[in-house]
Amino acid sequence: MGSAPLVYPWPMPSDTPAAHKPRIVKPASGESGPVYNYRGALIGSNEKGTVWSFSLEGFPGGGWSGLGNIDLIVRVVDSWCDTGKLPAPYVTPLRNPA
């Protein structure tokens, strides 16, 4: 009795084109984790790699912090760069549009 494979409604980081791979611009040090550049976003983490943040020009608020992993950031940045929208579940539906 096998289980069905998980199917994600978005591309996984391994599915992203080679041109869209996060690239290290500053290696990890004793004070912080590595800093990556990905499609114009600067992505960084704490020294343990457990809390991530990013900044991206034109993104609402300039970026986010307190995120759990780089894969989530890649998904958010891809969606924003490709569509100008946030991916689900970050999309807030309009309430009673007038």
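A quick note: this is a predicted structure, and the numbers were derived from the prediction, not measured.
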Evaluate ring-ring contact (aromatic ring centres under 6.0 Å, His included) for Y36 paired with F54, printing each intermediate quantity in order. CA-CA 9 Å; Y36 296 86; F54 77 96; over 10 Å; no
Are any non-hydrogen side-chain atoms of [X] and [Y] less than 4.5 angstrom apart?
| X | Y | answer |
| --- | --- | --- |
| W64 | S55 | no |
| Y38 | D78 | yes |
| S79 | L86 | no |
| V35 | I43 | no |
| S32 | N46 | no |

Restricting to non-hydrogen atoms, name the atom on [X] and the atom on [Y] that form the minimum distance, rounded to 0.1 Å.
| X | Y | answer |
| --- | --- | --- |
| L56 | R39 | CD1-O, 3.9 Å |
| V51 | G66 | CG1-CA, 3.7 Å |
| W80 | G58 | CZ2-O, 3.4 Å |

Group every Ile, Leu, Val, Met, Phe, Trp and Tyr by side-chain heavy-atom contacts under 4.5 Å, then state whether [X] and [Y] land in the same group.
| X | Y | value |
| --- | --- | --- |
| I70 | I24 | yes |
| V77 | L67 | yes |
| V74 | V25 | no |

From S53 atom OG to I73 atom CD1, the distance as rounded to the nearest 0.5 Å: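 That separation rounds to 6.5 Å.
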